[in-house]
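For reference, the structure is listed below as structure tokens.
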Amino acid sequence: MNRSHGISGVFVFLLLGVFAVFGTVLVLLSAEAYRDTVAAASEHNTQRILESVCRNMIRSSDRLNGVFTEEDGAVLCTSDGDEEETYVTGLYVFEGKLMQYVFEKEEGLRKEYGEVLCEAKRLQAELDGRRLTVCLTDENGAEHILIMALRAAGNML
Amino acid sequence: MKSNQHHALLIEIVISVLCFALASTVLVRTFAAARVISDKTARQAAVLLEGQNLADSLYLSGKDVLLRDWHWEGNTFVREQDGVIWTVTMAEEQEEAGLFRKAVVTASYRGEMLITLPCSRFFPREGGRAL
């Protein structure tokens, strides 16, 4: 009888042990799946931001000399205004972040005052006639490329 | 008496394990569904970005863009990339005022159509400027 009770006790602890092990494994696997999903969503978010911000910014300023680059393509600029007052919108990467800054042309670009859009490592823009190519490297090193055809004359300078 | 208590404990443990198993089944299905939806959304966004890049490149350069990595099937250009099948159908219409060139870019994944992007450009007759 005593031996029977002993075996029953072992069985109970064994059952609890199996329960604990499977519970731990399930939590670990679920955490891993959650991390992967969040990482994928984060990369997708950067791509969407680049596409949305760039296309809207460029299309709204698509006219003669309205789109240009500075600092060898590190800053993508669009201009708006007249001869008296010209406002420039600059898109650039500063201290690991993609930022946007609107400033008066006379004042010049002050990178530290920009508005943060997302994490990014590098932005490179190239304007070849009416073909604009923007390459953004996100925080994970993945490159997202945007190609746009400017409807106006583009950069004729 | 002790035996009854022992049996009750066992039954309680079995019921709790059963509840845990049911909850974990729902949880695993939820995480799997979330991953599938996330992958699908990311794929659609990537395809849309690539499709718009292609449409703008076609606007600028026409068929020249399709000479590399594309093959001709019937009256369309076809390419497969990462499981996504891209097709470009081009047509030209000669009008009195000039030439109207249009293209339709489509992308499908496992039989499901992801995007359809039209792209067109008009070339006025000599003396005019391409729009």
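Since this is a predicted model, take the numbers as computed values, not measurements. Proteins come first, then strands; the chains are lettered A, B, ... in the order of their sequence lines, and each starts at number 1.
Ionic pairing of B/Arg35 and B/Asp39 is present here: one or more N-O contacts between side-chain nitrogen and carboxylate oxygen are shorter than 4.0 angstrom. Salt-bridge annotation for A/Glu119 and A/Lys97: present, with a side-chain N of the basic residue lying under 4.0 Å from a carboxylate O of the acidic one.
Relative to the six-membered ring of B/Tyr59, A/Arg130 misses at least one condition, a distance below 6.0 Å or an angle of at most 45° to the axis.
Proximity to chain A involves both the backbone and the side chain of B/Thr41, based on heavy atoms less than 4.5 angstrom apart. Proximity to chain A (any heavy atom under 4.5 Å) is restricted, for B/Ser38, to the side chain, taken from C-beta onward. Within the 4.5 angstrom heavy-atom criterion, only side-chain atoms of B/Leu27, from C-beta onward, approach chain A. Using a 4.5 Å cut-off between heavy atoms, A/Phe11 contacts chain B through its side chain alone, with no backbone atom that close. If you measure heavy-atom distances from B/Glu50 to chain A, you find no contacts under 4.5 Å at all. Of the atoms belonging to A/Leu16, it is side-chain heavy atoms, and not backbone ones, that fall under 4.5 Å from chain B. Residue A/Leu146 touches chain B through both its backbone and its side chain, counting heavy-atom pairs closer than 4.5 Å.
Screening A/Val27, A/Leu28, A/Val21 against A/Thr24 for a side chain to side chain contact (heavy atoms under 4.5 Å, CB included) leaves a single residue, A/Leu28.
Comparing B/Ser61, B/Ala21, B/Ala55, B/Ala46 by how many heavy-atom pairs each has under 4.5 Å with chain A, the most go to B/Ala46.
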Next on the checklist: Please determine whether side-chain contact (heavy atoms from CB on, under 4.5 Å) holds for the pair B/Lys102 and B/Glu93, giving the CA-CA distance in whole Å, both sets of side-chain angles, and the decisive distance to 0.1 Å.
Outcome noted: CA-CA 8 Å; B/Lys102 56 185 179 183; B/Glu93 291 177 9; 3.2 Å; yes
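Note on ring orientation: taking the six-membered ring where Trp is involved, the planes of A/Phe103 and A/Tyr101 are parallel (angle under 30°, cut-offs 30° and 60°).
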